[in-house]
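Worksheet for the structure shown next.
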Amino acid sequence: MEEHSKFMQMALDEAKAAWDEDEVPVGAVLVLPDQDMVIRARNQTITLNDATAHAEILALRKAGKAIGNYRILNSVLYCTVEPCIMCMGAVIHARVAKVVYGAPDLKWGACGSLYDFSSDAGLNHHPEIVSGICEDACRTMMQDFFRHKRQGAKSG
């Protein structure tokens, strides 16, 4: 559990960097086997004008380039928020072994909150899911970001 918290804190640091860039504060850390490589990413959909530039997707892209393969076998993906259906599709294609997330996403989550791609019998890969790591910090960051956005919209 302590190791999960360490990597989730890195993901939270990425989420904070996203917030600082006025992006939805989601961070991801992809740990490759034996922890010999750690890939960090954050949401950049606005910055890159790319609807697919979620933190999880960007981490998978970086890892694929680094290892020269789109299959990121035996890796662990840490996300501050439960991955959406797009991101879970990519996780399954990349053969990520485990997804660890902080806060659930009741509107888009694909690890059990709305959909559960990890246990869909029709899919050929089933990553292990661990939820609730640093959940309060992850949830609070998202809530504070959107509260701040709403307050800015009211005063502007």
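Computed over heavy atoms, backbone and side chain alike; hydrogens, waters and symmetry mates excluded. Just so it is clear, the model here is predicted, and its values are computed rather than measured.
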For this session: May I have the step-by-step check of side-chain contact (heavy atoms from CB on, under 4.5 Å) for V100 and E3, ending in yes or no?
Result: CA-CA 11 Å; V100 179; E3 184 173 290; over 6 Å; no
Exercise. Looking at M86 and A51, what are the two nearest heavy atoms and their distance?
Worked result: CE-O, 3.8 Å
For this session: Start with the C-alpha distance between E21 and N43, add both sets of side-chain angles, then the distance that settles side-chain contact (heavy atoms from CB on, under 4.5 Å), and finish with yes or no.
Result: CA-CA 9 Å; E21 295 169 358; N43 271 10; over 6 Å; no
Exercise. Do the ring planes of W19 and F145 sit parallel (below 30°), tilted (30 to 60°) or perpendicular (above 60°)?
Worked result: perpendicular
Exercise. Honestly curious: do L77 and L123 fall in one hydrophobic cluster under the side-chain, below-4.5 Å linking rule?
Worked result: yes
Seminar exercise, completed: For A28 and A59, the nearest pair of non-hydrogen atoms, with its separation, is CB-CB, 4.4 Å
Exercise. For L32, which of V76, I67, V38 qualifies under side-chain contact (heavy atoms from CB on, under 4.5 Å)?
Worked result: I67
Exercise. What's the shortest heavy-atom distance between K62 and R40, and which atoms?
Worked result: NZ-O, 2.7 Å
For this session: Of all the heavy-atom pairs spanning E82 and D105, show the shortest one and how long it is.
Result: OE1-N, 3.0 Å
Problem set entry | In one Ile/Leu/Val/Met/Phe/Trp/Tyr side-chain cluster, 4.5 Å: V81, V96 | no
Exercise. When you measure from the side chain of T80 to the backbone N and O of A11, does any donor-acceptor pair fall under 3.5 Å?
Worked result: no
Seminar exercise, completed: Residues pairing under side-chain hydrogen bond (donor to acceptor under 3.5 Å, both in side chains) where one sits in residues 126-140, two or more places apart or in two chains, turn out to be E135-R139, D136-R139
Exercise. Are the side chain of E23 and the backbone of T47 linked by a donor-acceptor contact shorter than 3.5 Å?
Worked result: yes
